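All remarks here apply to the structure that follows.
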Amino acid sequence: MSTGGSRRPAERAQAPAPDAAPTGRGEAAARAGERAAAPAGPEAARRRAERRAERISAGATELEHRLADLLRGGLADMAGPAGEAGRGVWEETAARMVDAQAPGLAARVRELGAVPGSGPGWPSRLLEECALLHLLDQGFLNIGGLPEPLAATVRSRVGITTRAAEVLADRDAVVRDHWLVLGRHDTEEGRVVARRVWLHGQRTGRTALVLSFAAGRLPEPPLPVGGSVDADLAYYPGSPALRAALGERHAEPGPGGRPPGTGVHDAPASYGAALCGDPWLESLPVVLAGVVPVPVGDGWQLADEGGSALPVAGTAGVRSRMWRLAAVSGGEPVTVFGECGHRGFTPYTVWPGSGAGSEPTAAVPLTSPDVPGGTW
């Protein structure tokens with residue numbers, strides 16, 4: 001697994017975006033008038049969706065030309081003074097993608113411009129980002145030939161979102177279960193605070209990610225880490241089915257328990273399988289059972305009794321979490337929830353004990369509940 005790279009967390013790439021977010025005032029006014037004049041109803045909604053798809057296709061085609069020009073000229077031109085000018089070009093390209101109503105493409109383009117000069121190995125990371133962006137462009141331009149789960153993923157990745165009310169309206173898609181709260185993490189994304197809450201269905205065995213966004217501080221969640229709640233969930237379209245909307249709660253949150261875990265060897269395999277359905281997926285939520293935190297050089301690993309070990313992501317925030325995890329472990333096996341991705345494993349919650357024959361214990365969050373993106 002690579003410990004470097006510039007790829008974003010999946011949930012950020014899938015953050016909800018407005019149906020239209022143009023940067024040009026003229027286009028904004030024109031589209032506002034267009035929406036005001038448009039009649040309501042399914043037929044009008046279909047026509048608006050078709051017009052938006054045409055704009056995104058035009059934006060994706062333009063972006064393909066920009067990527068071809070970059071590769072034709074060579075990646076070395078992105079370094080030094082030329083790279084400063086290049087970042088301006090990518091900012092302008094990102095603005096064009098916003099005008100094309102493709103905020104997902106715009107976000108990836110902005111990060112593309114930030115890769116040069118980001119440290120040793122940046123050319124390979126830039127080439128990787130270009131490849132993923134090209135794949136997303138081609139996916140949308142040829143979306144009619146994709147299987148529906150992958151097509152839904154592509155639409156989500158370019159920024160076409162589905163509202164929670166629409167997802168929950170399909171009663172056949174609603175899943176009721178006692179959901180164990182695996183973890184929670186708040187991050188600041190520009191002016192927006194994003195909250196991720198991961199759930200595990202105790203009956204269905206399914207994992208879900210519930211996302212919340214607010215301009216400013218989010219209210220305290222009604223779902224405490226380590227607790228459980230009897231509630232309805234509905235999964236958004238896409239593959240793998242992970243993000244979900246929280247529906248009706250049938251009871252107040254109560255005590256939870258220790259989630260079932262997988263082995264260290266199985267976690268990367270599960271992430272690899274998930275990439276088949278979503279090649280842009282940054283990480284997959286995983287519960288590891290019976291692992292011990294082990295310092296290795298300047299980093300950490302989570303090792304099991306079979307001798308397998310999974311590297312822990314090397315960011316500063318994650319390293320500080322590992323000291324808390326090590327204190328809870330005391331050298332004994334523990335159960336850990338986190339995300340497994342190309343950078344390694346990122347821990348969020350730990351339960352003392354390995355699970356097999358262990359007494360029920362309370363969950364210990366590894367991230368601070370008060371500081372977005374912070375640690376204890």
Side-chain angles (χ1 to χ4, degrees), residues 1-3 9-11 179-185 196-202 204-210 225-228 240 242 256-275 281-297 299-315 317-367 375-376:
M1 289 187 185
S2 170
T3 57
E11 62 286 349
W179 300 95
L180 174 64
V181 184
L182 297 175
R184 164 197 163 189
H185 190 45
R196 291 174 286 163
V197 177
W198 293 272
L199 307 173
H200 172 77
Q202 295 176 298
T204 62
R206 300 183 67 175
T207 301
L209 168 63
V210 178
V225 174
S228 68
L242 181 61
R258 184 193 311 272
T262 187
V264 165
H265 179 75
D266 295 329
S270 298
Y271 173 57
L275 286 174
L281 186 67
E282 295 295 329
S283 56
L284 190 72
V286 174
V287 178
L288 300 177
V291 293
V292 178
V294 179
V296 179
W300 291 84
Q301 293 182 347
L302 292 172
D304 62 19
E305 61 180 6
S308 298
L310 187 64
V312 174
T315 61
V318 172
R319 283 197 296 267
S320 64
R321 291 180 213 169
M322 289 304 298
W323 289 110
R324 183 172 176 82
L325 196 159
V328 173
S329 166
E332 296 297 324
V334 291
T335 300
V336 183
F337 165 73
E339 291 183 293
C340 181
H342 69 102
R343 295 179 182 174
F345 186 83
T346 302
Y348 292 106
T349 312
V350 58
W351 289 260
S354 62
S358 301
E359 293 295 327
T361 54
V364 179
L366 299 174
T367 56
T375 57
W376 290 95

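What's counted below: heavy atoms across the whole structure, side chains too, no hydrogens, waters or symmetry copies. Keep in mind that this is a model prediction, so the values were computed, not measured.
Judged purely by distance below 3.5 Å, without hydrogens or angles, the side chains of Tyr348 and Glu339 pair a donor atom with an acceptor atom.
For the pair Phe337/Pro347, no side-chain contact is recorded, criterion being any heavy-atom separation below 4.5 Å from C-beta on.
Distance alone, capped at 3.5 Å, places no donor-acceptor pair between the Ser329 side chain and the Leu325 backbone. Here the side chain of Tyr271 pairs no donor or acceptor atom with the backbone of Val286 at under 3.5 angstrom. Side chain of Asp304 to backbone of Gly307: a donor-acceptor contact under 3.5 angstrom is found. Using modelled atom types, no side-chain atom of Arg321 and backbone atom of Pro365 make a donor-acceptor pair closer than 3.5 Å. Checked by atom type and distance alone, the side chain of Arg184 never pairs as donor or acceptor with a backbone atom of Arg196 at under 3.5 Å. In this structure, Thr349 contributes its side chain and Leu182 its backbone to a donor-acceptor pair below 3.5 Å.
The shortest non-hydrogen separation linking Pro240 to Leu281 is CG-CD2, 4.3 Å. The shortest heavy-atom contact between Thr335 and Ala289 is OG1-CA, 4.3 Å. The nearest pair of heavy atoms linking Ala326 to Trp300 is CB-CH2, 3.9 Å. Across all their heavy atoms, Leu284 and Ala274 have their closest contact at CD1-CB, 4.1 Å. Heavy atoms only, all atoms of each residue included: Thr346 and Ala313 are closest at OG1-CB, 3.7 Å. Nearest heavy-atom pair, Pro293 versus Met322, reported as atom, atom and distance to 0.1 Å: CB-CE, 3.8 Å.
Here the straight-line distance linking atom CZ of Arg324 with atom OG1 of Thr367 works out to 9.5 Å at 0.5 Å rounding. For the atom pair Arg343 CZ and Thr315 OG1, the distance stands at 8.0 Å (nearest 0.5 Å). Atoms CG and OG, from Leu242 and Ser283 in turn, are 9.0 Å apart once rounded to the nearest 0.5 Å. Interatomic distance, CG of Leu199 versus OG of Ser228, reported as 10.5 Å (0.5 Å rounding). For the atom pair OG (Ser308) and CG (Leu288), the distance works out to 11.0 Å, reported to the nearest 0.5 Å.
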- Derivation and outcome, ring pair (Phe, Tyr, Trp, His ring centres under 6.0 Å), residues Trp198 and Trp179: CA-CA 9 Å; Trp198 293 272; Trp179 300 95; over 10 Å; no
- Message: Pair Leu209, Val197 - check side-chain contact (heavy atoms from CB on, under 4.5 Å), show working.
- Response: CA-CA 6 Å; Leu209 168 63; Val197 177; over 6 Å; no
- Query: Going through the checks in order, is the side-chain contact (heavy atoms from CB on, under 4.5 Å) test met by Phe345 and Leu302?
  - Reply: CA-CA 9 Å; Phe345 186 83; Leu302 292 172; 3.5 Å; yes
- Message: Is there a side-chain contact (heavy atoms from CB on, under 4.5 Å) between Val312 and Val318? Walk through the geometry before answering.
- Response: CA-CA 8 Å; Val312 174; Val318 172; 3.4 Å; yes
